[in-house]
Protein chains: 2
Amino acid sequence: MTKSALQIARAAYEPKVPNTLKGIVKIDEGEPTQSVSHQEEIKKLFPNTYGMPIIKFEEGTEKQNHAPINVGVILSGGQAPGGHNVIAGIFDGIKNMNQESRLYGFILGPGGLVDHKYMELTSDIIDEYRNTGGFDMIGSGRTKLEKEEQFDKGLEILKELNISALVIIGGDDSNTNACVLAEYYAKIGAGVQVIGCPKTIDGDLKNDMIETSFGFDTACKVYSEVIGNIQRDCNSARKYWHFIKLMGRSASHIALECALQVQPNVCIISEEVEAKNQSLDDVVQYIANVVAERAADGNNFGTVLIPEGLIEFIPAMKKLISELNDYLAHNEEEFKRIKRSHQRAHIIDKLSEENSKIYASLPENVARQLTMDRDPHGNVQVSLIETEKLLAEMVGKRLAEMEEKGEYNGKFATQVHFFGYEGRCAAPSNYDADYCYSLGYTASTLIGAGKTGYMASVRNTTAQAAEWIAGGVPITMMMNMERRHGEMKPVIQKALVKLDGGPFRVFAGQRNDWAKNTDYVYPGPIQYFGPAEVCDQPTKTLQIEQEERLQKS
Amino acid sequence: MTKSALQIARAAYEPKVPNTLKGIVKIDEGEPTQSVSHQEEIKKLFPNTYGMPIIKFEEGTEKQNHAPINVGVILSGGQAPGGHNVIAGIFDGIKNMNQESRLYGFILGPGGLVDHKYMELTSDIIDEYRNTGGFDMIGSGRTKLEKEEQFDKGLEILKELNISALVIIGGDDSNTNACVLAEYYAKIGAGVQVIGCPKTIDGDLKNDMIETSFGFDTACKVYSEVIGNIQRDCNSARKYWHFIKLMGRSASHIALECALQVQPNVCIISEEVEAKNQSLDDVVQYIANVVAERAADGNNFGTVLIPEGLIEFIPAMKKLISELNDYLAHNEEEFKRIKRSHQRAHIIDKLSEENSKIYASLPENVARQLTMDRDPHGNVQVSLIETEKLLAEMVGKRLAEMEEKGEYNGKFATQVHFFGYEGRCAAPSNYDADYCYSLGYTASTLIGAGKTGYMASVRNTTAQAAEWIAGGVPITMMMNMERRHGEMKPVIQKALVKLDGGPFRVFAGQRNDWAKNTDYVYPGPIQYFGPAEVCDQPTKTLQIEQEERLQKS
């Protein structure tokens, strides 16, 4: 491995951890807990892991002797900055309990457990990856651990390697599955504990006990760096509107955080579009109005942030996509025989009047994307739709109409961008490096305490790391019942942007100013060595939410 | 202006400068110079500014008294990191000569001079912009200063403001024009000196006396950061080939420098494609072979860097575009009447056999781009062609053919990216912050010495800043005669990637290893506060070129 100068220098960074993790840990157990809703159903599904107390670590005095323990670790789903530090934290934690403890990594995600692909993670490997981005130490994968056959198959290798605890690092679904696995192993008396860790750049795995998922901080900072650079360019050249789509799946947390960091002219929040029952046309008109207003001041430039999931949140688009999915599923062969150049007219003819009108209004390439690129289940792959181009094009058309009516007078040239892969594997910011290491160390401490079905939790993270509160939260506590593929399932509630939450309210309170006036902020690249006010700041989202929590309490 | 924490901290940075600029400067004049070729023609065109000596600053002992001087500054062309520091350097330089000196910035580029749009740059304005990216202090523009009417119009405002020296910060064309202006003002005895400064992220303005144009360092580092992040993602997920197009106009310096920094699997160098008379098909086959070779090892992922100017360097594409331009120029009306869905077939029918075949082989969207998006002169806007998508699509098709023949067995999924606007306005790296400030200070020193028709030159920049060599180079020295719009014109030679130069040879010597093995480097974001080996390294290109220079001398 050829290493960059930064990578070499950064390897020496020692993550900051809560004081309670530094010495002897005392386990403080709270009251029994309840799931967020559907308590009876969930209790029934998780008889062995339901209702457990919240755990808080405190500074202890009685040193416990631990037998050596073998632990397995799995990275599940999309990459997020800091995953390697979680693993390093687990490693250091179990070695601190007993130097003879061992850590095994399952290769390329949950599939590695099922297929018995693993490697032992020794100190020389761990040291190579401290404070680095990426999941390349053991790789990740998207296999879902859902079925008992998988659990049983996994147990074979766990037994073979004498592994008595498994840490699953993943998003809401992976943690849900971690809990199902914990319950199953408890039920059959497998003697394997399962602990989850909250990972996802999307920021949609959070609640009162999980302040943020790791990676969100770093990813948003990388995106804000490049958006800030684009804004400075935009403000220097004064001739382009930049339409910038941001990764983040359904939730708009990333777009919102970036907006708070860079103060763009426009940021669309999917959750608001849905709540206000806005149409695509409404969104287009909103942007066009901002463009026109700025043009009136002679400012024919600007920035528009667009969350990846937008299309799915526009109620009318959702209906259109649903009808399209339905129609194409039932008429696939017929549709394939139609000449490419006639497909659009054919679809317009077949759809209901309302959807037909919307479909006809879409630019050709997007209309094509809606009928062409389908996933294995026959559904439109919404994430492939180039919403940034779609909106740029539709806003251009709308402005031309407004110009004819004398409502707009300006120049409109666009550039489009999509940022996602740039942020998922960046070297973790100090925040994520510290947070991840602490999460991993916390996971190992929960293991040492014999716990299962818990998610590692590190709270109070807007304070100095020394004051962070580490412990564990029963995963069942975060669950509710939701319909998935037509069946009611116990799942961790996905956190969408709350329109009555602090981050959105701060944004909404300023966006009109940002739209009309140019008040861009240029955050610059993540710094690892500078003054604390530059290097150690958590996201704006987290800071605002923490203030809210403090005001409430 | 709302400032980020980094921006506030970075404002305090004091650029490092050559020792010779710190105290009293002595002017050392060398022998008379010659233009790189066409000496007689150029001498004739520049009777007042031809043959001047190279100037080198040395440490002096005799303090000179300077009268106050009013200086104008213009930012010309595309943004490049560090422009504000050039202006700050000029400001501090002329204030050091005499506190009563004044600096005026012309607004939005050369057009500001012609249209008399300007602002005085006072110390409070300058201080707001020290070490920041962007050109937003006074804006930039692409108006070409070429005509005597413009020069005369400009002189009116220069006289009105009592400005006796003008600094033009721009690329090769802008510096050519600066020299034409210097010559004109000298000829008519206008009493206005003109000094140029070498700016462009593209890195194509360089020669023995100008080691690099400013902004190249920072821009390449920003691109390398995000490419490195993508590579780490690529190496973690192990399922995508990322096709990444990079800004840089004709020359492939940016792609080459990024390749040296990140060690991708493939990097195409336009100059090599042209020299080897390769076809688009050759380029596609080369990439497909690398994909197949990696697939044979089970590595169905990788990265491909593509320089923006590639299409223009493929001799066959050049011919196709030329025939298309010709055909469409003469048949515009007829072509417009043809139904969109029939246009492609129409063109295939009309082109010569050779070009028709190439055109037919292009994916539909690219074929359309070649006939649709034309500049005001009726020419294809090559920079708008999504070469990254074109290659991804064509490589996919080629692999399908290879699979049928049993030459390939793997999975091929792609992601495409284009990076350009992300890097042009980043806050300058230490290198660019120091280099730009030194260039500006040098420009003011040349002004103080009464020089005109010079470009500010700061050399030996791979050494400590204290040892950098500052001075001036007669712009005529860098000129040759080239055909532009059908006329022979004196212009600064554009520096393309030299295939016998060090940077390309280092790349060519390792690319086969990088292709087959995965030896990605992850440079990470630009650091402003860390250890020197992280913060103060010049580009690989410059380091290799400097070694070469030392070996030769």
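- Note on Arg340(A), Met137(A), Arg10(A), Arg238(A): by heavy-atom pairs under 4.5 Å with chain B, the leading option is Arg340(A).
- Ranked by heavy-atom pairs under 4.5 Å with chain B, the first of Gln261(A), Gln537(A), His417(A), Arg142(A) is His417(A).
- Using a distance-only test at 3.5 Å, with no hydrogens or angles considered, a donor-acceptor pair links the side chain of Asn265(B) to the main chain of Trp514(B).
- Heavy atoms of other residues, nucleotides or ligands lying less than 6.0 angstrom from NZ of Lys117(A) number 12 at most.
- For a residue to count as touching a neighbouring chain, one of its non-hydrogen atoms must lie under 4.5 Å from one of that chain's; by this rule His342(A) does not touch chain B.
- In this structure, the side chains of Phe529(A) and Pro531(B) come closer than 4.5 Å at one or more pairs of heavy atoms.
- Your options are Thr518(A), Val521(A), Val226(A), and the one with the most heavy-atom pairs under 4.5 Å with chain B is Val521(A).
- Highest contact tally toward chain B, considering only Gly524(A), Ala5(A), Pro523(A), is held by Pro523(A) [criterion: heavy-atom pairs under 4.5 Å].
- Judged purely by atom type and a 3.5 angstrom limit, Asn300(B) uses its side chain to pair as donor or acceptor with the backbone of Lys411(B).
- Comparing Ser341(B), Ala237(B), Gly139(B), Ala427(B) by how many heavy-atom pairs each has under 4.5 Å with chain A, the most go to Ala237(B).
- For Phe419(A), the part lying under 4.5 angstrom from a heavy atom of chain B is the side chain only.
- Between chain B and the options Gln415(A), Met1(A), Lys3(A), the largest number of non-hydrogen pairs under 4.5 Å is found for Gln415(A).
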| task | Test Lys389(B) against Glu386(A) for salt bridge (charged side-chain N to carboxylate O under 4.0 Å, His left out), laying out the working first. | result | CA-CA 14 Å; Lys389(B) 277 195 189 169; Glu386(A) 295 174 295; 3.1 Å; yes
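- Tyr522(B) is listed as a side-chain neighbour of Arg232(B), based on a closest heavy-atom distance under 4.5 Å.
- For Gln231(A), no part sits under 4.5 Å from any heavy atom of chain B, backbone or side chain.
- Of the residues Asp136(A), Asn85(A), Ile87(A), the one that meets the side-chain contact (heavy atoms from CB on, under 4.5 Å) test with Tyr129(A) is Asp136(A).
- Only the side chain of Gln79(A) comes within less than 4.5 Å of a heavy atom of chain B; its backbone N, CA, C and O stay farther away.
- Ranked by heavy-atom pairs under 4.5 Å with chain B, the first of Thr132(A), Asp233(A), Leu6(A), Val534(A) is Asp233(A).
- Within the 4.5 angstrom heavy-atom criterion, only backbone atoms of Ser140(A) (N, CA, C, O) approach chain B.
- The two residues Ala426(A) and Pro81(A) make their nearest non-hydrogen contact at O-CB, 3.3 Å.
- A cation-pi geometry, defined here as NZ or CZ lying under 6.0 Å from the six-membered ring centre and within 45° of its normal, does not hold between Lys199(A) and Phe214(A).
- Looking at Val262(A), neither its backbone nor its side chain comes within 4.5 Å of chain B, counting heavy atoms on both sides.
- Within the 4.5 angstrom heavy-atom criterion, no atom of Ile227(A) approaches chain B.
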